[in-house]
Amino acid sequence: MEKSCKISKFFILCVVLGVLSVATIVTLWAIALTDSVEIVAPWDKYRLPDTLKPDHYNLTLWPRLTVNAQGLYIFTGKSYVVFQCVKETDLILIHSNKLNYTKWGDDHLAKLSALGSIPAPTIKKSWLQPTTQFLVLELNGKLAVGESYQLDTVFVGELADDLAGFYRSEYEEDGVKKVIATSQMHPTHTRKTFPCFDEPARKAVFHITLLHPCGTVALSNEAVTQTRFEPTKSMSTYLLALICTVSFYISKSCDWNKSPGLSAQIRIWARRKSISEGHGEYALNLTGPILSFFEVYYNTTYPLSKSDQIALPDFYFGAMENWGLVTYRETNLLYDPLTSSNGNKERTATIIAHELAHMWFGNLVTLRWWNEVWLNEGFASYVSYLGADYAESTWNVKDLIVLDEVHRVFAVDALASSHPLSSKDDDIQKPEQISEQFDVISYSKVNIRQCTVLTMTKGLNNYLLMTFHGMELPVHDIMNRWVLQMGFPVVTINTATGLITQKHFLLDPDSVGSVPPSDFKYEWIVPIKWMEAGVVQKEIWLLEKEALNNKLTSGHWVLANINVTGYYRVNYDLGNWERLLFQLSTNHQVIPVINRAQLVDDAFNLARAKFIPTTLALKTTKYLSKEIEYVPWESALNNLDYFYLMFDRTEVYGTMQHYVRNLVTPLFQHFKTITADWRIPFTSRYNQVNAIRMACSSGLVECQNLTKSWYSQWKADPDNNLIHPNLRMTVYCSAIAAGGAAEWDFGWNMFKTATIASDADKLMSSLACTKDHELLNKYLRYTLDSDKIRKQDATSVIVYISSNVQGQTLAWDFVTQNWEYMFTQYGVGSFSFANLISGVTMRFSTKAELEQLQKFKEDNSKIGFGSGTLALEQAIERTTANIKWVDENKNKVGDGNTEN
């Protein structure tokens, strides 16, 4: 028994030693693995922790509208924010960017105090984290859950001319330089104005005081008493607006549909001369009806007591929906009946409607995070047409949705580098990633025409309720396929067999291997409205990848997606294409006007994607010699423009010019006889401009002589411009392209002395039409001199020049040579890097240009591309597809397949 017992003890000892050894090994491995895993500190992450909830801010700002001893414009500020602790923490993170802080007595950058009975912990350490844009406060103790605290700061910032945050805008009036302080907080620039919890879900009330020099006016979101404003509604930081200006205003009080006894004051602000000459009257008279429409549409009263809208000389975006104080570029708010064009008026109406739509949808109800931008912007884009249509019911502006929104977004959403409407929260973190979300996908893909939109419940508790044409299908299942996967389908209808199929549409079919996986396997639930020989048939729902429908095999022509109420392209068997072409050539009006535009756009893009021959696509334009409607013509010209981009540096260019000239001559002759009578329908005026523009650019001598004579008459008498506003851009461009330095210099002088922003814009665009390389290079250099070209316009000018075949290479070289300077210094807050990259590469179609793009990406990888990162990938993909297309189609077009 003793021997047996000794063996048992030894065995137990061995087991214990073995376990300890294994434990030691596991611990050592764990330490090694832990050392290899990077632990990210909270202040190195871009998102705020969920520990603190802001309640209200008290902010005083003093912008200095003259330079200081260092030659800088600055603003000083003091603020406090009251917040509640919702989770125990010993860390305060609050956004701050480019602000310098005054230290408090304890040598820290902020002061923390408790508003309840429990004392606030002292600050252990405070510092600024520039990369993630945080002011960081480490505490010596924990904040208590449920308790409220106050954080005070005193700071200085630069009132720069960078168009971001609280910034400076300058202009000259009657020979006197005027300086104003204004703001653009969206999407992440409030932190550049004062420390704040700068995320859309962190709503709070703002108590604002602005100190400003005598002779200036202070504006903010709510009504003003001296320079101290009433508290705002609880709102997101990006909706805050602060302006100190010398502007003037016109106003009216409206009580449209508000509760009895309540009214809201509408004011339009602009430069003194613009107001005195009546350029704000149109916006003033438009605002009331549009607000009235939206009150009914949303079934919710306008939530504020006033509606201020101001035109700013320097502004990065087209407009910004700050709650109660909407800011605009001058060209988008002001309208002069004597000098503004048809397009200027329509743009003013739709942009005002877009921004006012946000007063409810976006401001009263706000997205939680920037991965859902499409809910804000897509919906506002759609209802802007409804609001404008209500205010201007004779325009039929809703017919333009297909051209301006659907066709535009198709071009990007057909790329393998596109993205879904909705992304994961974690995919959108950095400010530049947030900026990338504001693209054509977010603004234009929401094609709510294909579903019934029900109005919001009172208080806008629900974002959007939809029912699909009476189908008993879960909305969730339908919408997820459109929202959570990128792209769209091409629906192919075979009228010989009745087979309907769907496939993910890609402009470059060879790019399918680079398409990210989708949980829905790139299949959609598709509503198909269709007609047969002009008679509307019962709607079909394509619920799977393919389906049979014998009703499609009657032998008559079939047309699907009536009025483009669905977000998809349509292809047919060759027999049906031929029947549709025959109908177009014999009596095109049997086919709805929007579908005539659709047939052209679908055919050209199906040809680019190799579904149908390019020659078939070109045949869809031959009937245009009999067409006078704007929508089909604009669709055709947009698609023929791709041919110009691909071939205007080749021997095929002459063939293209001949084809287009023959097409457009009947249209030119039609409109030439009624040029003096602008009482024609609204969209017909657009087509009149198209007729003259294309006739001149395609070499019709009669047209070119006409535009040169009009420009020469103006040049001889600069104070008396008799060119009709609708035709000015076309005439300016045609005359400057045909002329030399004298014509360009005259245009430049008229641009610099223009007092009306819309006319200045027309000249700014037209100056890029010259064929003189020396003048184009000079104009490019002007984009980096804000005394010559405002920073807000620099991107546009470079893109205008690149759209000129003579300026393409010059613009690309200019961007590549100056990228670091534009990206890191001059262009911060000013350049739209996505638009810039897309614009200067649109014509790229050779292997050499692809190599240049790839080298540009490699050479600047350390500098970065900011909001242009995705645009660069799309440019590379698009160039690759263009190379293949040109190789396959150059001979087909050049061999006479474009003959009329």
Side-chain angles (χ1 to χ4, degrees), residues 316-318 373 377 381 403-419 432-445 486-487 506-508 511 514 605 608 638-639 641-646 648 765 768 780 783 792-805 807-819 822-823 827 830-846 849-857 859-860 863-883 885-886:
Y316 175 69
F317 293 98
V373 163
E377 299 300 346
S381 292
L403 282 177
D404 295 346
E405 308 295 338
V406 180
H407 287 180
R408 193 163 69 100
V409 71
F410 270 166
V412 174
D413 213 17
L415 300 176
S417 53
S418 183
H419 64 86
E432 56 267 30
Q433 292 173 328
I434 293 170
S435 295
E436 274 191 320
Q437 296 304 297
F438 293 87
D439 65 357
V440 66
I441 300 292
S442 296
Y443 276 82
S444 300
K445 186 172 179 176
M486 69 181 199
L506 292 168
L507 268 181
D508 180 7
S511 66
S514 58
N605 284 276
R608 287 176 65 182
N638 287 341
N639 282 285
D641 186 55
Y642 177 73
F643 279 64
Y644 274 111
L645 289 173
M646 296 300 100
D648 62 7
S765 167
L780 283 166
T783 62
Q792 67 175 15
D793 297 320
T795 298
S796 296
V797 170
I798 296 171
V799 172
Y800 291 150
I801 293 171
S802 71
S803 67
N804 178 347
V805 64
Q808 162 68 60
T809 301
L810 303 179
W812 170 248
D813 290 345
F814 181 81
V815 169
T816 56
Q817 291 164 11
N818 292 281
W819 180 259
M822 290 191 295
F823 187 75
S830 308
F831 278 100
S832 170
F833 295 114
N835 290 342
L836 185 63
I837 291 172
S838 296
V840 298
T841 61
M842 196 60 68
R843 193 180 260 103
F844 279 16
S845 57
T846 67
E849 287 167 334
L850 179 60
E851 290 171 0
Q852 290 173 27
L853 252 180
Q854 292 167 332
K855 186 175 187 301
F856 172 70
K857 178 181 177 181
D859 290 348
N860 294 283
I863 300 168
F865 306 97
S867 60
T869 303
L870 180 58
L872 179 58
E873 295 303 321
Q874 291 172 344
I876 291 172
E877 181 184 349
R878 190 168 50 240
T879 301
T880 303
N882 288 346
I883 292 169
W885 188 86
V886 169

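None of these values were measured; they are calculated from a predicted model.
- Heavy-atom minimum distance, L870 versus H419: CD2-CD2, 3.7 Å.
- With rounding to the nearest 0.5 angstrom, the OH atom of Y642 is 10.5 Å from the CE atom of M842.
- With 3.5 Å as the limit, one finds no donor-acceptor pair spanning the side chains of S417 and E873.
- Listed by first and then second residue, the salt bridge (charged side-chain N to carboxylate O under 4.0 Å, His left out) pairs that reach into residues 408-418 are E405-R408, D413-K445, sequence neighbours excluded.
- Nearest heavy-atom pair, A416 versus L506, reported as atom, atom and distance to 0.1 Å: N-CD2, 4.0 Å.
- In this structure, CH2 on W819 lies 13.0 Å from CG on D859, to the nearest 0.5 angstrom.
- Scanning all heavy atoms of the two residues, the minimum distance from A411 to L507 falls at O-CD1, 4.1 Å.
- Considering only heavy atoms from C-beta on, H407 stays 4.5 Å or farther from N639 through its side chain.
- For the atom pair CD1 of I798 and CE of M822, the computed distance is 5.0 Å after rounding to the nearest 0.5 Å.
- Every residue two or more places apart in sequence or in another chain that forms a side chain to side chain contact (heavy atoms under 4.5 Å, CB included) with L850 is listed here: Q854, I876, T879, T880, I883.
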**OP:** Would you check, one step at a time, whether the test side-chain contact (heavy atoms from CB on, under 4.5 Å) holds for T869 with K857?
**Re:** CA-CA 9 Å; T869 303; K857 178 181 177 181; over 6 Å; no

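- Nearest heavy atom pair, residue S867 against residue A834, reads O-CB, 3.6 Å.
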**OP:** Report the C-alpha separation of F410 and N605 in whole Å, then their side-chain angles, then the decisive distance to 0.1 Å, and conclude whether the side-chain contact (heavy atoms from CB on, under 4.5 Å) test is met.
**Re:** CA-CA 9 Å; F410 270 166; N605 284 276; over 6 Å; no

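- In this structure, the separation between CG on D813 and CG on N818 is 10.5 Å, given to the nearest 0.5 Å.
- The closest side-chain heavy-atom distance from F856 to W812 is below 4.5 Å.
- The OG1 atom of T841 sits 10.0 Å away from the CD atom of Q874 when rounded to the nearest 0.5 Å.
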Subject >> Audit row: F833, L872, side-chain contact (heavy atoms from CB on, under 4.5 Å) steps and yes/no >> reply: CA-CA 9 Å; F833 295 114; L872 179 58; over 6 Å; no

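- Across all non-hydrogen atoms, the minimal contact from I441 to S418 is CD1-OG, 3.6 Å.
- The nearest pair of heavy atoms linking Y443 to E377 is CE2-OE1, 3.3 Å.
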Original post:
Going through the checks in order, is the side-chain contact (heavy atoms from CB on, under 4.5 Å) test met by N860 and F823?
Top reply: CA-CA 10 Å; N860 294 283; F823 187 75; over 6 Å; no

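- Looking only at side-chain heavy atoms (C-beta outward), E432 and F865 stay at 4.5 Å or farther from each other.
- A donor-acceptor contact shorter than 3.5 Å is absent between the side chain of R608 and the backbone of W885.
- In terms of modelled atom types and a separation under 3.5 Å, the side chain of S802 and the main chain of G839 share a donor-acceptor contact.
- Between atom CG of residue D439 and atom OG of residue S838 there is a gap of 9.5 Å, rounded to the nearest 0.5 Å.
- A donor-acceptor distance shorter than 3.5 angstrom exists from the side chain of Q808 to the backbone of V840, with no hydrogens or angles considered.
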